[in-house]
Amino acid sequence: MQERYDPAAVERAAQEYWEQHGSFQAREDPQRPKYYCLSMFPYPSGRLHMGHVRNYTIGDVLARYMRMQGYNVLQPMGWDAFGLPAENAAIANGVPPATWTRDNIGYMRAQLRSLGFAIDWQREFATCDPSYYHWNQWLFLRMLERGIAYKKTGVVNWDPVDQTVLANEQVIDGRGWRTGAPVEKREIPMYYLRITAYAEELLGALNELPGWPERVRVMQQHWIGRSEGVELAFPYAEDARERLGADGVLKVFTTRADTLFGVTFMAVSAEHPLALVAASSDPSLAAFVDECRRGSTMEADIATAPKRGMRLGLHVRHPFTGAAIEVWVANYVLMAYGEGAVMGVPAHDERDFEFAQRHGIAIRTVVKSASAAYEHVGPAWQPSYAEPGVLIDSGRFSGLSSEAAIDAIAMAAEQQGLGRKRLQWRLRDWGISRQRYWGCPIPLIHCQACGDVPVPDEQLPVVLPENLVPDGSGNPLARDAAFVAVRCPRCGQPARRETDTMDTFVDSSWYFLRFASADQANAPVDQRVRYWMPVDQYIGGIEHAILHLLYSRFWTRVMRDLGLIDLSEPFARLLTQGMVLNHIYYRAGAQGRRQFVNPAEVSPRFDEHGVRTGAVLLGSQQPVDYGGLGTMSKSKNNGVDPQTLVDKYGADTARLFMMFASPPEQSLEWSDEGVQGQYRFLRRLWKAVHEHVTAPGGGAPRPALQSSALSAAARDLRRIAHQTLAKVGADIGRRRTFNTAIAAVMELLNAVGHYGEPEPQARAVRQEALEIAVLALSPIVPHVSHCLWFALGHRSAVIDERWREPDPEALAQALVELVVQVNGKLRARLQLPAGAQQQLAVDAALADPDVQRFIAGKPLRRAVHVPDKLVNLVV
RNA sequence: GCGGACGUGGCGAAACCGGUAGACGCAGCAGACUUAAAAUCUGCUUCCUUAAAAGGGAGUGUGGGUUCGAGUCCCGCCGUCCGCACCA
């Protein structure tokens, strides 16, 4: 055994062993329980970042631990390889996205291997492989057949300079992020997936996901957004009938039908047909409608914008009283929710109140608080009353509670054919068309005679040409004659291939299923998914709480309904890991713009309390300002390249630091000193084993332990070792608190260091303690554990070792420490035999001189005894 | 605005079911080794009181409450972070 810990040599040796023995290959084995451990696959952006290292280390620790528990573990890896950054890199460097992407995959794969993750690389694939996206296309066509996929014209962000659609995130202050050109809203035909058909199921099943974090479930619940309410129809008055047709009605959706008699205006969205008709003959109205439609896309702005509006010059009639009600167009009404129109009840809705105030519209109170705390909306400054209560001034419904009134009004409206109860969802159908090159082609052909014709299955996949280089203007696919020109599969005439590609979220919506049968060439999945699915533990960033995780739940159900699989929920347990943070330093640059300085280039400065105040540049000693902690990012220049960490300290130190610095769900603060501390620990562990095996007699075979004849110190060390085993098992397996698991092993190693008994069995006791330390750490620092395990005299690798159960005999304690409190304050500690009865414990406590001092002769009123733990004497 | 989470030493954190607050690590201080430094090892390290020790007191954002006992449970307030954001 080497005397010095040499991470590079250790890691090379361990990785070679795993490689030669095919240690990570997962094979279906119905005789053994399976464990599918999956970390979200990466986008091949170039190099791994710390977030990746954290994500994959968490997964790897769990995978290796469960393997030691006897599970047949699958931990695969793939690449979310389609997407915009590849196109941007292509524009910048003139390289085809395919080349850039595959180069990045090669580099990042090597990085993942160097970190020693127990990944079954035989199942690897990238979503840009035709053998994968073939099945995106095939599944899309099945959805089209069933009406789950459909075509509709929808509104998108359009950059007029680049001639392309922009994602919402690429629109900054209403302008394209690359061109700076004002973004237009365009109506473009797109393909949609009917996720709303699954809304009820997706919502209800959230309750059956106890292994998911509460907050992710709450976020999805809110996103799906189920509302129970009433759809009401307001018949057109004469002016509207003249312009729009005799039998027309204005429909609205409301959750507060009980406030129907408080309606004093109607408001429609700027995209509502009524607004468009009215605007067609009124230039000022047309200008307003246009302004609203072009309005800011920033969500926060929308919420705080003043409630503006204009009269349409049209009226509708109240369904019950027949009174004429003026129709307005208002900027706060959303076309995409409900009917794109609302009934305005200023007395009982904050937004309607604000609007009415601004435009001098009447406010009519029709609900009062049942507790009579609220009487009346009188003066203009009084806010609206939005709570349920008892109806007043509401015709035959007066006196009813809000709840009863909603039912009664819905029923009455239904009898007149002017309404019904219904559900409204916030969730919208998922538009998957992207006017982008680097994505999965949508398998359709547009024929003048036959219309939109699906590509026949036997012609799949529609292969994306990989040699195109986008130049930033539009989709190069659309200009690629070889791709576009095609014959109609139905009539054989020249036709045009669809050049839109699929949203990359499609690619990631079922990749976890494909891992179970990655080599299946004739179907998207096969019988093997029955064995591996569901994913037992999924690990990834909270940023995917809604989109990716909701789409995957939807897609899994679609595949279920297509008869391909027989499960609904893909991820049994979900762990959302926290962000990786680092300090931010900057200098004031030109025009007050901050120039961010990488923390590696500065030496921090602290005040007398040790609080970080700033720093100086390493070379020039010039001062830089401190900007607090923030997520590692390019823009703040506070990233740390994992590769430099691995090169300097090795993969095990990188893994150990990531797991030790904080529990996995919390954010993790980067610390160079912390990394060194973990490196120090591994060196100490190495040294402890080295000293043990090179000590006199250390070369002998592994010593056997006779537990019957041990000194007190030896029994203490044994107890600590077995307690550590129990604690680490619970912390990794149940609590997922890797930081406390590591701390426990550190305590054990400290105890080994302090154990210096010269007794005959010392070597056996120390051997056992070190074995437990190495075994317990092996999921976290697998390389160093691999070598130390052999060094401790084992002939088989630690990776194939089973987790050990703590020895009850070692855990048993003859004497326990009992804490004595007087009036709840700690006053003494006693050594008592384990299992002492209350009487014995209290008597012992009362006999203690320290305790007597605090009782000071006062009568004992009560004694609380917690066996083997504590006595509290109340005087 | 609505919803959720959180608030513990100089710092990251621990305390799992209401029972010893601060495990473990970082930083710091002292000592050993060394010509010296680094590395390593040993010890100390919440605050106040004290020359020091012993001893005592205080202490988990803040004010109350429940309890023999509260970092943990309940109520109010302050603050931080995250998510959603005109969803009728």
Side-chain angles (χ1 to χ4, degrees), chain A residues 213-216 218-219 221-223 225 227 229 252-256 259 267 299-305 307 330-334 336-345 348-352 354-355 386 424-428 542-543 545-546 578-579 581 606-612 657 660-663 665-678 680-681 683-684 687 727 730-731 734-735 737 739-747 749-750 753-754 817-829 850 853 861-866 869-875:
Chain A
E214 169 80 9
R215 69 180 179 135
V216 174
V218 167
M219 278 162 75
Q221 238 165 49
H222 184 87
W223 186 264
S227 283
V252 300
F253 175 79
T254 179
T255 54
R256 290 299 305 274
T259 65
E299 306 284 15
D301 293 352
I302 294 169
T304 52
K307 308 263 178 295
N331 63 348
Y332 71 95
V333 181
L334 305 173
Y337 188 79
E339 302 294 331
V342 299
M343 60 182 210
V345 188
H348 305 295
D349 181 279
E350 241 176 79
R351 296 151 301 175
D352 296 347
E354 200 186 320
F355 188 80
Q424 173 67 41
W425 301 90
R426 191 178 168 280
L427 185 69
R428 323 246 165 92
I542 185 75
E543 66 272 20
I546 296 176
M579 307 269 193
L581 312 177
F606 303 91
D607 67 10
E608 68 272 20
H609 302 295
V611 174
R612 198 174 293 248
F657 171 72
F660 180 70
S662 58
E665 310 240 41
Q666 266 178 49
S667 59
L668 181 152
E669 229 178 85
W670 184 259
S671 154
D672 288 323
E673 297 78 20
V675 172
Q676 281 171 35
Q678 299 314 300
R680 211 153 32 221
F681 170 68
R683 271 201 319 226
R684 273 178 47 216
K687 203 171 128 189
K727 167 117 181 102
D731 284 355
R734 174 171 56 87
R735 299 208 304 153
T737 53
N739 54 330
T740 52
I742 295 164
V745 182
M746 287 173 168
E747 284 185 78
L749 190 65
N750 289 342
H754 290 125
E817 186 181 77
L818 197 75
V819 168
V820 183
Q821 298 179 328
V822 177
N823 289 337
K825 280 193 192 300
L826 174 68
R827 295 303 181 192
R829 293 156 196 272
D850 279 336
R853 197 152 60 84
R861 279 214 321 234
R862 184 171 173 184
V864 179
H865 176 237
V866 182
K869 271 205 146 163
L870 153 154
V871 168
N872 187 13
L873 304 171
V874 186
V875 294

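Naming convention: chains lettered A, B, ... in sequence-line order (proteins, then strands); numbering from 1 in each chain. None of these values were measured; they are calculated from a predicted model.
Checking C16(B), G12(B), C41(B) against the side-chain heavy atoms of Lys687(A) singles out C41(B) as nearest. In this structure, the nucleotide among A88(B), C26(B), G4(B) sitting nearest to the side chain of Arg215(A) is G4(B). Which of A85(B), G19(B), A23(B) sits closest to the side chain of Ala743(A) comes down to A23(B). Closest to the side chain of His222(A), out of G56(B), C84(B), C68(B), is C84(B). Counting only heavy atoms from C-beta on, Tyr332(A) has its side chain closest to C86(B) among A88(B), C68(B), C86(B). The listed nucleotides are C26(B), G57(B), A88(B); the one nearest the side chain of Glu673(A) is C26(B). Considering only side-chain atoms of Arg853(A), the nucleotide from G55(B), G12(B), U40(B) that sits closest is G55(B).
A syn base is found at C17(B): its glycosidic angle is within 90° of 0. Glycosidic conformation of G83(B): anti, with the torsion beyond 90° of 0.
Gly338(A) comes within contact range of no nucleotide atom at all, as no heavy-atom separation falls under 4.0 Å. As judged by a 4.0 angstrom heavy-atom cut-off over every strand, Arg426(A) is placed among the base-contacting residues. Among the protein residues, Asp352(A) comes within range of no part of the nucleic acid, since none of its heavy atoms lies under 4.0 Å from any strand. Counting any heavy atom pair closer than 4.0 Å across all strands shown, Arg428(A) reaches a base atom. No contact: Gln424(A) has no heavy atom under 4.0 Å from any strand. Backbone-only engagement by Val874(A) is indicated by non-hydrogen atom pairs under 4.0 Å involving sugar-phosphate atoms exclusively. Residue-level contact check: Asn823(A) touches neither bases nor backbone, having no heavy atom under 4.0 Å from any strand. Among the atoms of the strands shown, only primed sugar atoms or phosphate atoms (P, OP1, OP2) are found under 4.0 Å from some heavy atom of Gln678(A). Contacts of Thr737(A) with the nucleic acid, taken as non-hydrogen atoms under 4.0 Å apart, are absent.
Residue order along RNA chain B, read from the 5' end via each residue's closest nucleotide, puts Ser671(A) first among Val333(A) and Ser671(A). Sequence order on RNA chain B of the closest nucleotides to Gly753(A) and Val819(A) puts Val819(A) first from the 5' end.
For the C1' atoms, the distance from G18(B) to U67(B) is 9 Å, rounded to whole Å.
Taking only distance into account, the side chain of Arg829(A) meets the base of U20(B) through a donor-acceptor pair shorter than 3.5 Å. With hydrogens and angles ignored, a donor-acceptor pair closer than 3.5 Å exists between the side chain of Arg734(A) and the base of C16(B).
Using N1 to N3 plus N6-O4 or O6-N4 for Watson-Crick, or N1-O2 and O6-N3 for G-U wobble, each under 3.5 Å, A36(B) pairs with nothing. Pairing for A5(B) is with U80(B), a Watson-Crick or G-U wobble pair whose two hydrogen-bonding atom distances lie under 3.5 Å.
The distance from atom NE2 of His865(A) to atom P of C68(B) is 18 Å, rounded to the nearest whole Å. The separation between Phe660(A) atom CZ and C11(B) atom P is 17 Å, rounded to whole Å. Rounded to a whole Å, the CD1 atom of Ile546(A) is 12 Å from the C1' atom of G3(B). Asp850(A) places its CG atom 15 Å from the C1' atom of U20(B), with the value rounded to the nearest Å. In this structure, the CD atom of Gln676(A) is 14 Å from the C1' atom of U40(B), given to the nearest Å. At whole-Å resolution of the value, CG in Leu826(A) and P in A15(B) are 21 Å apart. Rounded to whole angstrom, the span from the CZ atom of Arg683(A) across to the C1' atom of C41(B) amounts to 13 Å. Atom CZ of Phe681(A) and atom P of U40(B) are 14 Å apart (whole Å).
For Arg862(A), no side-chain nitrogen or oxygen approaches OP1 or OP2 of U67(B) to under 4.0 Å. The shortest distance between the side-chain N/O atoms of Gln821(A) and the OP1/OP2 oxygens of U20(B) is not below 4.0 Å.
Donor-acceptor pairing under 3.5 Å is lacking for the side chains of Arg861(A) and Asn823(A).
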